[in-house]
Peer 1: 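Have a look at this one.
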Amino acid sequence: MQDKILKELDLKHIWHPCTQMKDHENVPLIPIKKAKGIWLYDFNDKAYMDCVSSWWVNLFGHCNEKISSAIKKQVDELEHVILAGFSHEPIIKLSARLCEKVGGDFTKCFYADNGSSAIEVALKMSFHYHFNQGRKRNKFLSLSNSYHGETLGALSVGDVALYKDTYKALLLEGLSVSVPKNKDYQKELVELRAVLEEHSCELCAFILEPLVQCAGNMHMYEASFIDEAIKLCREFGVLVIFDEIATGFGRTGTLFALEQCKQKPDFICLSKGITGGFLPLSVVLTKDAIYNAFYASFNEQKAFLHSHSYTGNALACAAANAVLDIFENENILEKNQILSAFMQKEFSRLKSFDFLGNFRTCGMISAFDILSTKFERVGLFVFQKALEKALLLRPLGNTIYLMPPYIITKEQISYVVESLEQIFKEF
């Protein structure tokens with residue numbers, strides 16, 4: 001009875017994200033009562049394996065005891081304090097650790113509370129940097145098929161029509177170049193050079209998701225293209241922003257995707273896994289060369305005036321420090337290498353279905369595409385069939401992917417593949 005009442009109250013009062021609410025006339029809403037490890041439990045005690053890390057945020061399982069304990073300890077000391085003119089130990093410790101782990105010339109952290117907000121910070125900061133240098137630039141360059149969030153600035157530099165088209169009249173003017181579709185990317189580099197030659201004096205920054213365009217149907221491309229693209233941006237004086245909101249914290253096989261690139265950006269945006277899925281937090285890391293352009297007397301009006309009420313929340317920072325502790329103490333990246341190879345091997349079993357293709361793996365992300373189908377909304381069909389088999393999958397159109405918490409076992413990966421085999425036999 002409680003489950004039924006909760007569903008009725010939810011649909012009466014809650015407008016869910018990325019959802020055509022009319023679908024819930026036929027697709028059941030599932031209130032979750034509790035969670036532990038890789039499992040979510042509804043009010044009928046049915047378990048669902050969280051194969052998508054609850055929108056890619058949950059790294060080490062639900063209700064992870066180490067992260068939970070860190071938050072509980074912090075909540076009795078300091079829950080939050082204004083970050084303008086004040087600070088606290090968790091954020092100071094976190095900032096030093098992030099700068100050390102990102103390495104290179106990254107020395108400064110600017111905090112927000114979600115991924116889209118981090119993108120807004122990086123866009124504004126890159127514009128303002130040029131402005132403080134006496135350069136009037138107001139456009140951004142991005143890759144085709146990109147996704148950077150759903151606030152207006154973030155949408156402006158994205159290229160997923162589903163999210164963007166309705167709001168085009170509201171968006172910033174920008175430019176886009178093609179993302180490579182395969183390992184031969186010379187044509188894309190020629191295109192990029194041509195755009196930079198014509199428009200570099202208008203461009204604040206080039207923004208990209210390194211290695212994997214996650215919301216862009218898990219499209220994967222070469223680190224070597226990124227290196228060549230950054231070299232071109234350097235040649236033309238255009239800053240570079242890495243959106244590692246989804247790819248950061250181990251998803252691509254290294255702690256950050258930028259570790260697989262020889263050339264480094266000017267900004268790196270982090271969120272999602274930063275707190276292990278416990279609390280909202282995001283951060284933009286940058287370099288002294290950027291920071292110093294804002295360092296002046298207040299009457300010079302060079303300060304970066306951007307703020308969020310919950311910037312640098314102490315509880316979220318405690319969770320983020322616990323996440324870094326787990327990475328440091330439990331050999332997560334090494335264990336993930338083994339899991340990644342196993343995921344790739346298991347998913348290759350699905351190649352026996354001739355209507356599936358474009359199998360790909362990058363770190364703890366495995367994906368493939370449904371190339372042909374009789375179903376009008378095949379992603380929804382797979383989603384519903386997976387729920388019947390106790391799996392939470394959330395396909396991206398015709399793209400099916402596994403992006404699980406890092407605590408998933410080989411046996412659980414095999415169960416996912418076996419379940420998909422059974423589903424595809426219905427095709």
Side-chain angles (χ1 to χ4, degrees), residues 51-60 98 101-104 106 115 118-119 143 145-149 179-183 185 207-230 240-265 267-277 282-283 285 323-324 326-328 330-345 347 358-368 396 399-408 413:
C51 298
V52 297
S53 300
S54 287
W55 250 340
W56 319 339
V57 301
N58 190 284
L59 301 186
F60 304 120
L98 287 173
K101 291 185 179 301
V102 171
F106 288 92
I119 297 299
L143 290 173
N145 193 54
S146 60
Y147 173 90
H148 298 288
V179 68
K181 297 294 173 61
N182 50 53
K183 292 185 178 182
Y185 46 76
I207 183 170
L208 61 115
E209 305 150 276
L211 303 183
V212 186
Q213 295 180 312
C214 292
N217 296 92
M218 297 296 165
H219 176 64
M220 300 175 187
Y221 64 109
E222 300 295 310
S224 53
F225 165 79
I226 297 171
D227 288 333
E228 294 304 315
I230 293 176
V240 179
I241 301 168
F242 271 17
D243 174 355
E244 289 227 37
I245 290 160
T247 61
F249 297 98
R251 275 296 167 198
T252 63
T254 48
L255 190 60
F256 304 110
L258 64 81
E259 295 174 46
Q260 299 177 49
C261 302
K262 295 177 182 177
Q263 301 294 317
K264 306 304 179 187
F267 304 90
I268 174 172
C269 301
L270 302 172
S271 190
K272 287 196 180 289
I274 192 170
T275 65
S282 66
V283 61
L285 285 90
V323 165
L324 294 181
I326 294 171
F327 272 109
E328 290 173 1
E330 299 185 21
N331 299 318
I332 299 301
L333 297 175
E334 292 82 357
K335 293 175 182 176
N336 282 358
Q337 288 179 1
I338 298 170
L339 285 173
S340 176
F342 186 79
M343 282 169 56
Q344 186 171 15
K345 179 182 176 183
F347 269 74
N358 192 20
F359 287 82
R360 53 209 186 269
T361 295
C362 181
M364 289 298 289
I365 307 170
S366 279
F368 60 89
L396 294 161
T399 298
I400 312 299
Y401 70 91
L402 178 63
M403 200 167 173
Y406 303 157
I407 62 167
I408 194 170
I413 293 170

Peer 1: For Gly273 and Leu59, work out which heavy atoms get closest and say how close.
Peer 2: O-CD1, 3.2 Å

Peer 1: Rounded at 0.5 Å granularity, tell me how far CD1 in Ile400 sits from OG in Ser366.
Peer 2: 13.0 Å

Peer 1: Rounded to the nearest 0.5 Å, how far apart are OH of Tyr147 and CG of Asp243?
Peer 2: 9.5 Å

Peer 1: Does the pair Glu222 and Glu228 meet the rule for a side-chain contact (heavy atoms from CB on, under 4.5 Å), with working shown?
Peer 2: CA-CA 10 Å; Glu222 300 295 310; Glu228 294 304 315; over 6 Å; no

Peer 1: Mind listing the closest non-hydrogen atom pair of Met403 and Ser53 along with its distance?
Peer 2: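 What the structure gives for the nearest pair is O-OG, 2.7 Å.
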
Peer 1: Of all the heavy-atom pairs spanning Val212 and Thr247, show the shortest one and how long it is.
Peer 2: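 Looks like O-CG2, 3.7 Å.
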
Peer 1: Are the side chain of Gln260 and the backbone N or O of Thr252 linked by a donor-acceptor pair below 3.5 Å?
Peer 2: yes

Peer 1: Do the non-hydrogen side-chain atoms of Ser340 and Thr361 ever get within less than 4.5 Å of each other?
Peer 2: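 Contact flag for Ser340/Thr361 side chains = yes.
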
Peer 1: Checking Lys272 side chain against Trp55 main chain: does a donor-acceptor pair fall under 3.5 Å?
Peer 2: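 Yes; judged by distance alone, with no hydrogens or angles, the pair exists.
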
Peer 1: Evaluate the side-chain contact (heavy atoms from CB on, under 4.5 Å) criterion for residues Ile241 and His148: first the C-alpha distance (whole Å), next the side-chain angles of each, then the deciding distance (0.1 Å), finally the verdict.
Peer 2: CA-CA 11 Å; Ile241 301 168; His148 298 288; over 6 Å; no

Peer 1: Nearest 0.5 Å, what's the CD-CG distance between Gln213 and Leu143?
Peer 2: 6.0 Å

Peer 1: Using only atom types and a distance under 3.5 Å, with no angle test, would you say the side chain of Asp227 pairs donor to acceptor with the backbone of Gln263?
Peer 2: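 Checked: pair present.
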
Peer 1: If I compare all heavy atoms of Leu333 with all of Thr254, which pair ends up nearest, and what's the gap?
Peer 2: CD2-C, 4.0 Å

Peer 1: Determine whether Ser146 and Val179 make a side-chain contact, defined as any pair of heavy atoms from C-beta on separated by less than 4.5 Å.
Peer 2: no

Peer 1: For the residue pair Gly250 and Asn336, what are the closest heavy atoms and their distance?
Peer 2: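 Minimum heavy-atom contact is O-ND2, 4.2 Å.
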
Peer 1: Please report the interatomic distance SG(Cys362) to OH(Tyr221), rounded to the nearest 0.5 Å.
Peer 2: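 One finds 10.5 Å between SG of Cys362 and OH of Tyr221.
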
Peer 1: Could you give the distance from CD (Glu244) to CD1 (Ile268), rounded to the nearest 0.5 Å?
Peer 2: 4.0 Å

Peer 1: Are Ile230 and Lys264 packed together at the side-chain level, in the sense that at least one heavy-atom pair is separated by less than 4.5 angstrom?
Peer 2: no

Peer 1: What orientation do Phe327 and Phe249 show, parallel under 30°, tilted 30 to 60°, or perpendicular over 60°?
Peer 2: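 Tilted.
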
Peer 1: Are His219 and Asn145 close enough that a side-chain donor and a side-chain acceptor fall under 3.5 Å?
Peer 2: no

Peer 1: What heavy-atom pair brings Ile365 and Met218 nearest, and what distance separates the two atoms?
Peer 2: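 Closest approach of Ile365 to Met218: CG2-SD, 3.7 Å.
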
Peer 1: Nearest 0.5 Å, what's the OG1-CZ distance between Thr399 and Arg360?
Peer 2: 5.0 Å

Peer 1: If we only count heavy atoms from C-beta on, is the Phe256 to Leu270 side-chain gap below 4.5 Å?
Peer 2: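 Phe256 vs Leu270: side chains touch.
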
Peer 1: Verify whether the ring centers belonging to Phe368 and Tyr401 lie closer than 6.0 Å.
Peer 2: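 Ring-ring flag for Phe368/Tyr401: false, centres at least 6.0 Å apart.
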
Peer 1: Answer yes or no: is there a side-chain heavy-atom contact under 4.5 Å between Tyr406 and Ile326?
Peer 2: no

Peer 1: Quick check: do Phe242 and Leu208 have side-chain heavy atoms less than 4.5 Å from each other?
Peer 2: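 Yes; the side chains approach each other to less than 4.5 Å.
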
Peer 1: Can you establish whether the number of heavy atoms outside Lys345 located under 6.0 Å from its atom NZ is more than 12?
Peer 2: no

